[in-house]
Amino acid sequence: MTDDATIVRACAKVNLLLRVGPKREDGYHELVTLIARISLADVLLISDAAETTVDCPAIPSGDTLVTRAIRLLCETAGHRAGFHVHIDKRIPVGAGLGGGSADAAAALRFANDLLPRPLIDSELHRLAALIGSDVPALLHDEATVARGRGDRVEVLGQLPAGWLALAHPGRPLATRDVYQRYRPEARPLPGAIALPQTLEEMAALIENDLAVPAEALEPGCRGLREQFTELGAMAACVSGSGSVVFGLFRTEQEATAAAAKVRDAPWTATAAVGTHPGE
Ligand code: C5P
């Protein structure tokens with residue numbers, strides 16, 4: 001760590017809505033998703049270095065997405081030196097919370113700001129899509145709707161303030177495995193999605209087409225969803241391709257109480273979603 005490192009919070013996401021259509025010719029599925037950033041975050045320290053190196057003690061095999069993102073950024077910008085990035089991981093891996101993608105997006109955004117000649121936003125967005133389907137949306141702090149394979153992003157704005165209880169059933173799920181098990185439905189993907197104005201409107205939107213294959217691959221996900229519902233969640237669902245399940249609550253106290261009561265979850269947490277005065 002160097003004294004002049006830029007400290008960045010890379011916030012996790014939940015997919016409040018995830019509708020998945022048929023597989024395209026490029027092997028990806030056409031989707032529509034409403035992505036919310038939440039207060040659970042990894043912390044990145046980014047500093048100038050002669051060469052790019054990334055250390056992430058929580059992932060012994062080494063990080064790949066941030067390394068790829070920074071190398072691609074430097075190459076595209078014609079920057080001969082690199083960056084050192086230290087990642088303090090708090091977002092569980094293989095959880096559907098977009099931890100790796102959020103780290104890559106944050107590294108792209110903030111390393112770009114440190115370049116003598118930063119790339120313009122559209123160029124940064126193009127690089128983000130090359131790193132992963134979730135990365136373009138995670139360049140934004142506000143709620144977004146992503147379409148296509150995830151790369152066509154519309155910024156929606158600030159969601160109403162609520163609290164999430166999060167629980168991990170103990171086994172990660174690989175995104176590819178969950179998509180492979182998914183059987184698209186005949187109903188069409190939604191058109192325009194309006195920013196929910198109240199928590200009730202937000203709760204009513206919550207739905208995930210990948211919940212069926214995720215719960216089939218990890219039955220613990222279903223148990224956690226049912227427990228959050230019994231504990232009074234306004235809505236409960238797997239996030240993304242799982243395996244973390246979230247329950248939406250009105251207050252921090254309610255979310256904390258639910259997270260404490262949930263059984264058979266080796267990892268639980270609470271996180272704020274939407275606008276929070278004084279944050
Ligand atoms: O783009 P990314 O590498 O994050 O995607 C991981 C995997 O998820 C892909 O290899 C693919 O199996 C699946 N996927 C998909 N359709 C999408 C996004 C991801 O099938 N729109």
Side-chain angles (χ1 to χ4, degrees), residues 10-38 42 54 56 59 61-73 76 87 89 91-109 124-140 143-154 171-191 193 207-218 221 237-244:
C11 289
K13 58 88 177 163
V14 291
N15 301 81
L16 295 175
L17 175 74
L18 177 56
R19 293 287 323 283
V20 181
K23 206 180 201 179
R24 316 188 312 190
E25 277 184 6
D26 64 2
Y28 286 91
H29 291 76
E30 193 69 22
L31 56 78
V32 178
T33 183
L34 171 50
I35 293 178
R37 305 306 289 270
I38 64 174
D42 289 344
V54 177
C56 180
I59 303 179
S61 57
D63 156 86
T64 51
L65 285 191
V66 171
T67 311
R68 272 177 57 204
I70 297 274
R71 292 212 170 119
L72 192 60
L73 174 73
T76 310
I87 308 173
K89 269 244 71 67
I91 308 170
V93 175
L97 295 174
S101 302
D103 293 349
L108 272 181
R109 235 174 103 180
L124 210 55
H125 188 278
R126 187 182 68 80
L127 298 191
L130 295 174
I131 306 297
S133 304
D134 279 344
V135 184
L138 299 183
L139 289 172
H140 304 276
T144 48
V145 172
R147 296 173 190 273
R149 64 168 261 245
D151 53 330
R152 282 178 17 231
V153 178
E154 172 202 347
R171 199 165 65 91
L173 283 171
T175 305
R176 179 186 293 260
D177 297 344
V178 177
Y179 271 101
Q180 249 169 24
R181 219 190 151 100
Y182 173 65
R183 299 287 163 265
E185 294 172 36
R187 64 185 175 137
L189 295 178
I193 295 173
E207 180 186 1
N208 182 354
D209 281 347
L210 294 183
V212 171
E215 290 184 4
L217 287 167
E218 176 47 69
C221 291
C237 196
V238 162
S239 179
S241 57
S243 54
V244 156

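Whatever order the structure lists them in is the order used to number ligands and atoms, beginning at 1. All heavy atoms count here, side chains included; hydrogens, waters and symmetry mates do not.
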Is any NZ, NE, NH1 or NH2 atom of the basic residue among Arg149 and Asp151 found under 4.0 Å from an Asp or Glu carboxylate oxygen of the other?
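Looking at Arg149 and Asp151, the cut-off is not met.
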Any nitrogen or oxygen of Asp134 lying under 3.5 Å from a nitrogen or oxygen in ligand 1? Just yes or no.
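N/O-N/O distance under 3.5 Å: no.
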Give yes if a backbone or side-chain nitrogen or oxygen of Thr175 is under 3.5 Å from a nitrogen or oxygen of ligand 1, and no if not.
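The answer is no, given that Thr175 and ligand 1 share no N or O pair closer than 3.5 Å.
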Note the single closest protein heavy atom to [atom], along with its residue, its atom name and the distance in Å.
| atom | result |
| --- | --- |
| atom 10 (O) of ligand 1 | Arg176 NH2, 3.5 Å |
| atom 4 (O) of ligand 1 | Ser133 N, 3.6 Å |
| atom 13 (C) of ligand 1 | Tyr179 CD1, 3.4 Å |

Nearest-0.5 Å distance that lies between atom CZ in Arg71 and atom CD1 in Ile131:
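Those atoms lie 11.5 Å apart.
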With a cut-off of 4.0 Å, which atoms of ligand 1 are near a heavy atom of His29?
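It comes down to these atoms of ligand 1: 15 (C), 16 (N), 17 (C), 20 (O), 21 (N).
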With a cut-off of 4.0 Å, which atoms of ligand 1 are near a heavy atom of Arg149?
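Here the atoms of ligand 1 in question are 1 (O), 17 (C), 18 (C), 21 (N).
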Which atoms form the tightest heavy-atom contact between Ala137 and Arg37, and what is the distance?
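Answer, listing the atom of Ala137 first, then Arg37: O-NH1, 4.4 Å.
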Can you name the nearest heavy-atom pair linking Ile91 to Asp42, along with the distance?
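Shortest heavy-atom contact: N-OD1, 2.8 Å.
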Answer side chain, backbone, both or neither: which part of Tyr28 comes under 4.0 Å from ligand 1, heavy atoms only.
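It is both backbone and side chain that touch ligand 1.
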Hey, which of Lys23, Arg24, Arg19 is the one that makes side-chain hydrogen bond (donor to acceptor under 3.5 Å, both in side chains) with Glu30?
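Only one of Lys23, Arg24, Arg19 forms a side-chain hydrogen bond (donor to acceptor under 3.5 Å, both in side chains) with Glu30, namely Arg24.
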Has Arg187 got more than 12 heavy atoms of other residues, nucleotides or ligands less than 6.0 Å from its CZ?
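More than 12 within 6.0 Å, yes.
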